[in-house]
Amino acid sequence: MRPADPATLYPQHLAVLCARADEALSRSGHDHLLIPSGRRHYQVFDDRDYPFAVNPHFKHWVPLTQVTDSWLVYTPGQRPKLVYLQPFDYWHVVPEAPSGWWVEHVDVHVIRTPEEALPLLPGPPSRCAILGEAQSTLGAYQPNNPPAALDYLHYQRSYKTPYELALMRQAQRIAAHAHRAAERAFRAGASEFDIHLAYCAAARQDATEVPYQNIVALNEHGAVLHYTQLDRDPPAERRSFLIDAGASCCGYAADITRTYAADPGGEFQAMIDAVDAAQQAMCAAVRAGADYRQLHVDAHLALMGILREFGVLRVSPEAALATGVSAAFFPHGLGHPIGLQVHDVAGFAASDRGGTIERPPGHPYLRMTRVLEPGMVVTIEPGIYFIDLLLDEVKANGHADAVDWARVDFFRPYGGIRIEDNVLCTGDAPENLTRPAFVAQ
Ligand code: GLY
Ligand code: MN
Ligand code: MN
């Protein structure tokens with residue numbers, strides 16, 4: 001399928017954002033919506049700035065991720081206005097004059113200093129809903145983040161427009177291409193650090209551009225959920241490789257995990273294959289009306305079924321779930337919403353007027369508790385790990401008999417398995433955004 005052109009989809013996206021902003025402003029009782037792009041953050045007692053992370057609301061309107069001290073201004077009935085800082089600066093690369101598919105749809109005003117934005121912002125400030133962090137304050141324009149507006153906009157952000165989906169599909173293609181390069185580097189015997197570099201080179205994105213820190217884990221390191229250490233030397237023996245790495249496209253994230261075995265004929269590969277089949281069934285369950293909390297519980301049962309089949313578990317999946325033993329092997333959530341942020345907002349939102357849908361008891365790391373609806377994109381990332389800290393708790397809690405410890409000893413040197421795709425809920429069958437991107441490589 002030919003990638004959809006964001007240029008043709010952007011006007012409709014902008015119309016959706018304007019309509020949402022109209023409603024948000026009417027709910028919060030303001031006349032104008034102001035979104036500062038953000039300011040640089042500096043390291044304490046230092047003049048070094050952190051990698052810039054743009055206000056997600058800003059990049060929702062315009063595909064700009066690297067402009068500071070700029071403002072998106074929206075007044076109902078008017079075209080969106082972009083106040084765009086292009087400073088006179090010989091220390092840094094000055095952002096280029098705005099160009100691209102989107103500029104003709106917004107009124108662009110170039111400024112040379114942050115303060116020049118002031119006369120271009122509508123007033124008075126008390127009539128403005130200003131979404132951002134406190135440090136974006138400019139004169140009397142201080143972010144007020146009205147809850148009624150934010151609750152509405154965050155909730156609505158779950159429903160991706162065709163424009164957003166086009167960019168998310170492109171992020172998938174970039175990441176899948178890099179995942180292939182990383183697998184080749186693993187099979188060639190590279191270290192974690194060199195696999196990471198191979199990934200970034202193939203993605204053409206460095207550590208500040210990918211949407212989260214790459215997790216590149218060989219052997220036992222796969223059992224560390226957020227392993228970002230990156231050993232410089234290859235291990236003496238290569239057994240397994242877990243990579244959780246994404247890519248960005250115009251500010252939209254992909255979040256993908258794959259696990260590989262060095263020995264294609266071994267039991268660990270067989271367990272990967274079993275998790276992969278189960279994961280695809282979980283992806284197929286991303287249907288409108290499905291409660292994500294139930295998908296999470298179902299995932300526990302499916303994964304424990306695999307552990308039972310491989311002789312690791314001695315009790316039924318239901319018993320493992322009830323006693324908390326399953327949480328020792330699958331200690332994170334099934335997934336989360338994804339979009340402008342890798343862990344996107346509103347995963348717990350009860351409605352567009354606020355409220356929280358609590359996690360089920362005993363599942364403290366689940367990041368999504370909503371009922372799925374068309375337009376939502378979520379990750380589906382089941383995993384099985386051999387984590388001594390958690391397995392010791394199983395023993396301490398009196399459930400040692402539930403586990404065959406010799407089988408744990410066998411699998412521990414492989415670390416763990418996680419397989420993660422990004423899946424679009426539709427009115428019909430779900431669309432797995434990730435798998436076709438791998439096929440296209
Ligand atoms: N890469 C972080 C996550 O999977 O949620
Ligand atoms: Mn991930
Ligand atoms: Mn994820």
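Whatever order the structure lists ligands and atoms in, that order sets their numbers, starting from 1. For reference, positions follow the sequence shown, starting with 1.
When the side-chain hydrogen bond (donor to acceptor under 3.5 Å, both in side chains) test is applied to Arg27, the partners found at least two apart in sequence or on another chain are Glu23, Asp352.
Between Asp388 and Arg412, at least one side-chain nitrogen of the basic residue sits less than 4.0 Å from a carboxylate oxygen of the acidic one, meeting the salt-bridge criterion. For Glu220 and Arg239, the salt-bridge test passes: some basic side-chain N is under 4.0 Å from an acidic carboxylate O. With respect to the salt-bridge test (charged N to carboxylate O, under 4.0 angstrom), the residues Asp276 and Arg435 qualify.
For the residue pair Glu267 and Phe310, the shortest heavy atom distance occurs at O-CE2, 3.7 Å.
Using modelled atom types, one finds a donor on one side chain and an acceptor on the other under 3.5 Å when comparing Gln341 with Arg157. With hydrogens and angles left out, the side-chain atoms of Tyr50 and Gln43 include no donor and acceptor closer than 3.5 Å. Side-chain contact annotation: Ser191 with Asp194, donor-acceptor N/O pair under 3.5 Å present.
In this structure, Gln156 contributes its side chain and Leu153 its backbone to no donor-acceptor pair below 3.5 Å.
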Please table the atom pairs, donor to acceptor, closer than 3.5 Å between any side-chain atom in residues 327-338 and protein atoms at least two apart or in another chain.
{"residue": "His332", "atom": "NE2", "partner": "Tyr385", "partner atom": "OH", "Å": "2.7"}
{"residue": "His336", "atom": "ND1", "partner": "Val342", "partner atom": "O", "Å": "3.0"}
{"residue": "His336", "atom": "NE2", "partner": "Asp255", "partner atom": "OD2", "Å": "3.0"}
{"residue": "His336", "atom": "NE2", "partner": "Thr379", "partner atom": "OG1", "Å": "3.3"}
{"residue": "His336", "atom": "NE2", "partner": "Glu381", "partner atom": "OE2", "Å": "2.9"}

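Using a cut-off of 2.8 Å, one finds that His336 contributes an N/O/S atom close to the Mn ion (ligand 3).
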Anything under 3.5 Å between an N or O on ligand 1 and a protein N or O? List each pair with its distance, or write none.
{"residue": "ligand 1", "atom": "1 (N)", "partner": "Asp244", "partner atom": "OD1", "Å": "3.2"}
{"residue": "ligand 1", "atom": "1 (N)", "partner": "Asp244", "partner atom": "OD2", "Å": "3.1"}
{"residue": "ligand 1", "atom": "1 (N)", "partner": "Asp255", "partner atom": "OD1", "Å": "3.2"}
{"residue": "ligand 1", "atom": "4 (O)", "partner": "Asp244", "partner atom": "OD2", "Å": "3.3"}
{"residue": "ligand 1", "atom": "4 (O)", "partner": "Asp255", "partner atom": "OD1", "Å": "3.4"}
{"residue": "ligand 1", "atom": "4 (O)", "partner": "Asp255", "partner atom": "OD2", "Å": "3.1"}
{"residue": "ligand 1", "atom": "4 (O)", "partner": "Glu381", "partner atom": "OE1", "Å": "3.0"}
{"residue": "ligand 1", "atom": "4 (O)", "partner": "Glu381", "partner atom": "OE2", "Å": "3.4"}
{"residue": "ligand 1", "atom": "4 (O)", "partner": "Glu420", "partner atom": "OE1", "Å": "3.3"}
{"residue": "ligand 1", "atom": "4 (O)", "partner": "Glu420", "partner atom": "OE2", "Å": "3.2"}
{"residue": "ligand 1", "atom": "5 (O)", "partner": "His336", "partner atom": "NE2", "Å": "3.1"}
{"residue": "ligand 1", "atom": "5 (O)", "partner": "His343", "partner atom": "NE2", "Å": "2.7"}

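At a cut-off of 2.8 Å, measuring from the Mn ion (ligand 2), the protein N, O or S atoms that fall short of it are Asp244 OD1, Asp244 OD2, Asp255 OD1, Glu420 OE1, waters left aside.
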